[in-house]
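To start, the structure under review is shown below, and the notes come after it.
Reminder, nothing fancy here: chain letters follow the sequence lines and each chain counts from 1. Please read these numbers as outputs of a predicted model, since none were measured by experiment.
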Number of protein chains: 2
Amino acid sequence: MIRYDLKHLATFVAVAEELNFHRAAERQNMAQPAVSRIVLELEDRLGVKLLERTTRKVRLTESGRYLLVEAQEILGRIHVAEHTTRLLASGTKAILRIGYTTITGHSLVPDITREFRLSNPDVRLELTYMTSPVQRDKILQDEIDLGFIEGSFQNSEIESRPVAHHRLTALLPLDHPLTAKKSLTIDDLAREQLVMGTRVEWPTLRRIIVDAFQSAGQVMKVGQEASSLTGLLGLVTAGVGITIFCGMPRFCGENAIAARPIVTNPPVLVETHLAWRRTSINMAKRRFIEVSQKVGASYMTP
Amino acid sequence: MIRYDLKHLATFVAVAEELNFHRAAERQNMAQPAVSRIVLELEDRLGVKLLERTTRKVRLTESGRYLLVEAQEILGRIHVAEHTTRLLASGTKAILRIGYTTITGHSLVPDITREFRLSNPDVRLELTYMTSPVQRDKILQDEIDLGFIEGSFQNSEIESRPVAHHRLTALLPLDHPLTAKKSLTIDDLAREQLVMGTRVEWPTLRRIIVDAFQSAGQVMKVGQEASSLTGLLGLVTAGVGITIFCGMPRFCGENAIAARPIVTNPPVLVETHLAWRRTSINMAKRRFIEVSQKVGASYMTP
DNA sequence: GGGCATTAAGACGAAATCGGTATCAATGAT
DNA sequence: ATCATTGATACCGATTTCGTCTTAATGCCC
């Protein structure tokens, strides 16, 4: 598969830059015949003449000129990759792969990442949207480092901490009669056509809401489903029905949708936990957890 | 300098993708202990642990995960570079490095390249602006393949063909009294303040113009100099003076500047030649020369 | 809980590779 | 015409590389 290696490329670059085998050999700390052989070997393996050489002069061919530039960049890139790898190992830089859900994604996670980036510019955050059950899998399989999940995560390998909780909120069209009330009850909502997120995308929230209706001895009427928050808000704005969510999504604006808290007894809380593998904890992760708890505290209404 | 080579990277990628030393060995057509050794060597030379391995399980470290992605891309890039190098050598693809001057750059070269690209999509053109004398050097030193130069180029190693010629043109502000005449003479211009390109940027054109004045027994009065065509046109538009150029630059628009032919006896022609090294001629170059002569013909007023 | 299968790593010897010295052939400068 | 300098070749010793055999560790299954 690999017919030549980095020494071939580096030696070729040296010769192509110097246009002189002796000086190139010197630069590479080799004897001149070795350089000759390496370059000949490279040409042979590529099946391409890279240098036109008389005994007095060396010139690049068109292919050689192209390969010179490529090889320079490739070698440079290898150098950078090597350096970055070392920085990552030393903890100077870090990459955190983080999962988030729709509920955490619209305000909690943005707040946390903004705060975290301020004090940790050398940590790259790779944020990926996925549902809570998927996150649990990915954490176990070590495909993400941290997960913002709905509900806790009990496992010998996993640790999780509550970072925020939300109360249920009804989001309704501005012209809906129920906007007259300051807060709503399950009984209020049971009489309405609801717009709901699909079970696939909001497995945890769906379950919590269903339970809340059950506790109140009611059944919810789902008129329409959507699989994204944008879709849900669109349907509500269009007056198709009321949806039930956590808090007020920041970006939807209060000019189209009204939010009303849903009051229940006992109160229903959607708990967001931050979860990670107990092993392979490092400084960056530790600091991220710290910031998450600090920022999350403001979401912890008593 | 180079502490490891492509086999290290490729083997590491195989192990990191398979997360299994045996399967990786199989994929690389090696024995398993060899794979172990290669990876250990890579880790040793980097000074970084890339894989966490028990006797039952292999997992990437953070550094390893990063290096995996980098190494995949680097190997891919090497693959592409190798392929392209071969295509260049076979003549399937080509790169032509071409020099052009201000005079040729505003209409002739754009016309030629547009035409050439239509029939030769696999040839990349690298166009670089430089004066005619610089182009002569660069052609000799094999730093460009083809040069559009003012005047011819006589040399045993170099071949050149005329592709176009221009007559001298005066460019004057629209409100200038001389715009009343259909054509101008050197005597007309000798009475005016001229705006001229610098000797550094237009060595050939400057020389031709000076000679024309000399033949008419006149001396030109240079009021202001500029080192770019844009600068010259700006000065003319501002009414600072008249400039002498070849033809009418397309992009300057006729709403601000008037062009008048300069009549002399015998007529003064600025000849543009296309020049190249006699050796190292190839198909792409041959086709480019062909197209240049075809397109240039329309610039060859008798 | 013990045996078994499977994992990665170590030891060692054969083989190939690599690199340096000495040398050659070609060519441009003097 | 001569000489210095260029890149290529021959050969040999040192090193590296790789495969086979083997070991140590660990999860799995009964």
Identify, with sequence neighbours excluded, every residue that meets salt bridge (Lys or Arg N to Asp or Glu O under 4.0 Å) alongside [X].
X: E201(A); answer: none
X: R59(B); answer: D142(A)
X: K7(B); answer: none
X: R161(A); answer: E159(A)

With sequence neighbours excluded, residues passing side-chain hydrogen bond (donor to acceptor under 3.5 Å, both in side chains) with [X]:
X: T272(A); result: E150(A)
X: W202(B); result: T102(B)
X: E290(B); result: none

Once you round it to whole Å, what is the distance between [atom2] of [N] and [atom1] of [X]?
X: K49(A); N: dA8(D); atom1: NZ; atom2: C1'; value: 11 Å
X: Q28(A); N: dG20(C); atom1: CD; atom2: C1'; value: 16 Å
X: L19(B); N: dT6(C); atom1: CG; atom2: C1'; value: 16 Å
X: D44(B); N: dG10(C); atom1: CG; atom2: P; value: 12 Å
X: L40(A); N: dA8(D); atom1: CG; atom2: C1'; value: 7 Å

Going from CG on L146(B) to CD1 on I281(B), what distance comes out if it is rounded to the nearest 0.5 angstrom?
-> 7.0 Å
Polar atoms only, N or O, under 3.5 Å: list the protein pairs with nucleotides 17-22 of chain D and their distances.
residue : atom : partner : partner atom : Å
dC18(D) : OP1  : K7(B)   : NZ           : 2.4
dG19(D) : OP2  : A31(B)  : N            : 3.1
dG19(D) : N7   : R37(B)  : NH2          : 3.3
dG19(D) : O6   : R37(B)  : NH2          : 3.3

Do the numbers put R136(A) on top of the ring of F153(A), so that NZ or CZ is under 6.0 Å from the six-membered ring centre and no more than 45° off the axis?
->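 Geometry flag: set, cation within 6.0 Å and 45°.
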Anything under 3.5 Å between a protein N or O and an N or O of nucleotides 14-17 of chain C, put it in a table, one pair a line.
none

Evaluate the criterion side chain to side chain contact (heavy atoms under 4.5 Å, CB included) for residue pair L125(B) and R117(B); output intermediate values, then yes/no.
-> CA-CA 9 Å; L125(B) 301 180; R117(B) 294 174 66 94; 4.2 Å; yes
Cut-off 3.5 Å, no hydrogens considered: what does the side-chain donor-acceptor table look like for residues 67-74 of chain A, sequence neighbours left out?
residue : atom : partner : partner atom : Å
E70(A)  : OE1  : R77(B)  : NE           : 3.3
Q72(A)  : NE2  : E17(A)  : OE2          : 2.6
E73(A)  : OE1  : R77(B)  : NH2          : 2.3

Estimated bend of the helix from dG1(C)-dC30(D) to dT30(C)-dA1(D) (axis per five terminal pairs, rounded to 10 degrees) = 30°
Answer yes or no: is there a side-chain heavy-atom contact under 4.5 Å between H83(B) and V80(B)?
->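 No. Closest side-chain heavy atoms not under 4.5 Å.
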Summarise how protein sits on nucleotides 1-6 of chain D as a single string, 5' to 3': B when a protein heavy atom is under 4.0 Å from the base, S for sugar-phosphate-only contact, - for no contact.
-> ----BB
Any ion pair linking R97(B) and E143(B) (charged N to carboxylate O, less than 4.0 Å)?
-> no
